[in-house]
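Quick note on labels: first sequence line is chain A, next is B, and so on, each numbered from 1.
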Protein chains: 2
Amino acid sequence: MSKPAARIRLADAAFALFDERGYEQTTVDEIAERAGVGRTTFFRHYRSKEDVIFPDHDRLLALIKDRLATSSHSTGLIAVSDAVRLVLLHYIEEGDLARRRYRLTSKVAVLRDREIASVARYQRLFREFIAEWMGDPTESASLRAELMAASVVAAHNHVLRRWLRGETSDPVAEMDEAMREVLALFPAPSGAGDPGDAGTTLVAFRTGQDLDALLPSLRRLVEGGAER
Amino acid sequence: MSKPAARIRLADAAFALFDERGYEQTTVDEIAERAGVGRTTFFRHYRSKEDVIFPDHDRLLALIKDRLATSSHSTGLIAVSDAVRLVLLHYIEEGDLARRRYRLTSKVAVLRDREIASVARYQRLFREFIAEWMGDPTESASLRAELMAASVVAAHNHVLRRWLRGETSDPVAEMDEAMREVLALFPAPSGAGDPGDAGTTLVAFRTGQDLDALLPSLRRLVEGGAER
DNA sequence: AAGTCAATGGTACTGAGTACCGTCTATATG
DNA sequence: CATATAGACGGTACTCAGTACCATTGACTT
């Protein structure tokens with residue numbers, strides 16, 4: 001009854017103490033003591049002191065991996081930009097807890113680094129997925145996959161941080177918008193199937209830009225990057 | 001004479017031991033002992049055990065910051081993609097040392113995380129620089145700055161890793177090429193100054209893509225992102 | 001009642017990082 | 001030449017995270 005699973009009490013005690021005295025000034029002993037358990041029990045529930053704050057990154061990463069494995073989208077980039085929503089949704093579900101964590105990571109360098117390392121794992125997963133999806137072993141395709149993964153993650157982080165700071169009330173919509181922005185960066189290639197039926201003819205317009213500066217963009221716009 | 005600055009001996013001893021027995025299996029005492037100095041001296045030269053491997057990230061970061069501060073380029077993105085070359089050049093200058101470090105970071109998770117955290121600091125610096133350069137506080141501009149910084153860093157990492165793995169003989173040329181790719185992702189806006197003199201008129205061409213899919217790209221192509 | 005399993009608590013250890021202090025050496029200064 | 005001063009060094013002792021091991025408890029089964 002008065003024992004809500006110890007694990008919860010440990011997390012509560014940890015966050016409380018971190019707020020009161022700061023992360024580095026709090027010892028594991030103190031956390032365990034306030035939670036009313038032994039030091040050993042702490043390490044049985046959390047692998048490390050940092051782990052109290054980032055409990056389920058592993059689980060979330062596995063979830064994403066799963067989503068990617070079972071996803072059927074028209075391009076790798078779209079599949080990834082879809083999967084990354086899970087991360088945002090997870091944070092939103094955590095609610096206030098996520099915000100407390102954000103306040104901590106903003107102040108403590110060690111925790112910020114840890115958070116960054118976690119994000120890098122998502123990015124790596126995305127990069128590998130996109131690269132595999134493209135099935136193109138060229139160096140240029142590899143770079144492209146890297147840029148796509150980095151962009152998706154950057155866009156996600158951008159929206160997530162805005163939400164964590166309370167700067168937006170509809171993060172999901174913003175995420176959609178941001179992902180559209182990312183997709184626009186990497187225009188899909190023209191369909192290989194007969195280009196005669198559905199298609200678009202651009203007529204004419206004038207821009208102040210130099211032609212040389214414009215050419216690479218135009219080429220990419222029409223030929224597409226190389227996905228599929 | 002036989003005392004080449006202790007600091008060097010410590011680094012040599014550390015790398016040798018890390019190669020022989022692995023990073024985690026090597027204690028600071030052992031490093032100090034092989035270098036023929038006391039444990040205290042080790043910590044006097046390097047703040048931590050990891051620091052032996054990443055000695056001058058701080059210095060490099062300051063160098064970049066300086067380069068950005070004194071740079072005069074046409075856009076923030078170009079300034080940043082120029083500054084990031086310094087990082088590549090630094091690694092190339094290190095030569096074999098950089099490769100040994102890469103082999104270590106590939107195997108040891110703690111070191112990889114540390115490396116990633118360092119890179120994130122560059123990225124943050126770039127993001128702030130670009131954002132300030134744009135001087136546009138809109139949310140969309142902020143996202144754009146984030147995407148640009150992430151892309152530059154991703155492209156840099158891509159080329160750097162290729163060089164570290166010995167997959168390229170001319171990393172500088174590849175970096176230039178990769179940066180062109182990044183610049184093409186973010187087309188420069190049409191000049192604000194009279195759009196009548198220099199300019200380009202696109203005439204017409206046909207693509208298999210759907211118009212809706214094409215529109216956002218077209219808009220960005222003409223209106224430019226918002227830089228300046 | 002005896003046995004089993006999981007969760008717990010305690011003790012002892014390793015190793016990183018910090019603080020402090022005494023020593024040595026080189027160089028300057030009388 | 002003798003002495004003073006500063007900087008680099010070595011050693012000791014401490015804190016704290018994380019690991020290993022063992023003994024205890026308590027609930028639930030047979």
Side-chain angles (χ1 to χ4, degrees), chain A residues 1-18 20-55 57-58 101 104-105 107-115 117-118, chain B residues 1-55 57-58 104-105 107-115 117-118:
Chain A
M1 253 310 117
S2 65
K3 291 246 174 191
R7 187 182 166 86
I8 311 288
R9 287 208 317 277
L10 278 167
D12 286 346
F15 272 94
L17 283 167
F18 292 162
E20 289 173 22
R21 321 139 84 109
Y23 177 80
E24 266 115 359
Q25 283 66 45
T26 303
T27 72
V28 172
D29 290 84
E30 290 167 338
I31 300 173
E33 191 187 358
R34 176 171 298 204
V37 301
R39 204 176 97 98
T40 314
T41 302
F42 176 92
F43 284 108
R44 221 171 253 125
H45 285 285
Y46 301 99
R47 276 177 303 209
S48 71
K49 190 176 161 188
E50 298 172 6
D51 235 48
V52 196
I53 306 179
F54 311 98
H57 254 145
D58 287 352
R101 186 191 302 123
L104 276 175
T105 52
K107 286 183 186 172
V108 185
V110 189
L111 300 180
R112 186 167 45 240
D113 289 355
R114 162 78 181 253
E115 175 87 50
S118 298
Chain B
M1 251 310 117
S2 65
K3 291 245 171 192
R7 187 182 166 85
I8 311 288
R9 287 209 316 278
L10 278 167
D12 286 346
F15 271 95
L17 283 167
F18 293 163
D19 282 342
E20 288 173 24
R21 321 140 82 111
Y23 177 80
E24 266 116 359
Q25 284 66 44
T26 303
T27 72
V28 172
D29 290 84
E30 290 167 339
I31 300 173
E33 191 186 358
R34 176 169 300 204
V37 300
R39 205 178 95 99
T40 313
T41 302
F42 176 91
F43 284 107
R44 224 171 249 125
H45 285 284
Y46 300 99
R47 276 177 303 210
S48 72
K49 189 176 161 188
E50 299 172 4
D51 235 49
V52 195
I53 306 180
F54 310 98
H57 254 145
D58 287 352
L104 276 174
T105 52
K107 286 182 185 173
V108 185
V110 189
L111 300 179
R112 186 168 44 242
D113 290 355
R114 162 78 180 252
E115 176 87 50
S118 297

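In terms of the salt bridge (Lys or Arg N to Asp or Glu O under 4.0 Å) criterion, residue partners of Asp51(B) (sequence neighbours excluded) are, by chain and number, Arg47(B), Arg114(B). Annotation: ring pair (Phe, Tyr, Trp, His ring centres under 6.0 Å) contacts of Tyr46(B) (sequence neighbours excluded): Phe42(B).
Between the CZ atom of Phe18(A) and the CD1 atom of Ile53(A) there is a distance of 4.5 Å, given to the nearest 0.5 Å. The distance from atom CG of Leu17(A) to atom CG of Asp12(A), rounded to the nearest 0.5 Å, is 11.0 Å. Note that the CG atom of Asp113(A) and the OG atom of Ser118(A) stand 11.0 Å from one another [nearest 0.5 Å].
In this structure, the CZ atom of Arg9(B) is 14 Å from the C1' atom of dG10(D), given to the nearest Å. For Asp51(A) and dG18(D), the CG to C1' distance is 12 Å, given to the nearest whole Å. Glu33(B) places its CD atom 15 Å from the C1' atom of dG15(C), with the value rounded to the nearest Å. To the nearest angstrom, P of dA17(D) lies 7 Å from CZ of Phe43(A). Atom NE2 in His45(B) sits roughly 12 Å away from atom C1' in dG7(D) (whole-Å rounding). Rounded to whole angstrom, the span from the CZ atom of Arg114(B) across to the P atom of dA16(C) amounts to 15 Å. Between the C1' atom of dG18(D) and the NZ atom of Lys49(B) lies a distance of 13 Å, rounded to the nearest Å. Whole-Å rounding puts the Glu50(B) CD to dA17(D) P distance at 17 Å.
Side-chain contact check for Tyr23(A) versus Glu50(A): some heavy-atom pair is nearer than 4.5 Å.
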Just the atom pairs and distances: protein N or O near nucleotides 20-24 of chain C's N or O, under 3.5 Å.
none

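When atom types are taken as modelled, the side chain of Arg7(A) and the backbone of His45(A) share a donor-acceptor pair closer than 3.5 angstrom.
Consecutive pairing runs in DNA chain D reach the stem threshold at C:1-30 with D:1-30, where a stem means at least three Watson-Crick or G-U wobble pairs with distances under 3.5 Å.
Listed nucleotides dG10(D), dG9(C), dA16(C) differ in distance to Thr41(A); the shortest reach to its side chain belongs to dG9(C). The nucleotide whose nearest atom lies closest to any side-chain atom of Arg39(A) is, among dG10(D), dA12(C), dG17(C), dA12(C).
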Criterion side-chain contact (heavy atoms from CB on, under 4.5 Å) on Arg112(B) and Lys107(B), from CA distance to verdict: CA-CA 8 Å; Arg112(B) 186 168 44 242; Lys107(B) 286 182 185 173; over 6 Å; no
Working for side-chain contact (heavy atoms from CB on, under 4.5 Å), residues Val52(A) and Leu10(A): CA-CA 8 Å; Val52(A) 196; Leu10(A) 278 167; 5.6 Å; no
Chi angles and distances behind the side-chain contact (heavy atoms from CB on, under 4.5 Å) call for Val110(A), Glu24(A): CA-CA 9 Å; Val110(A) 189; Glu24(A) 266 115 359; 3.8 Å; yes
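The side-chain hydrogen bond (donor to acceptor under 3.5 Å, both in side chains) analysis of residues 32-44 of chain A, with sequence neighbours excluded, yields the pairs Glu20(A)-Arg34(A).
Residues from residues 13-29 of chain B lying near DNA chain C, meaning a heavy-atom separation below 4.0 Å, are Thr26(B), Thr27(B), Val28(B) in numerical order.
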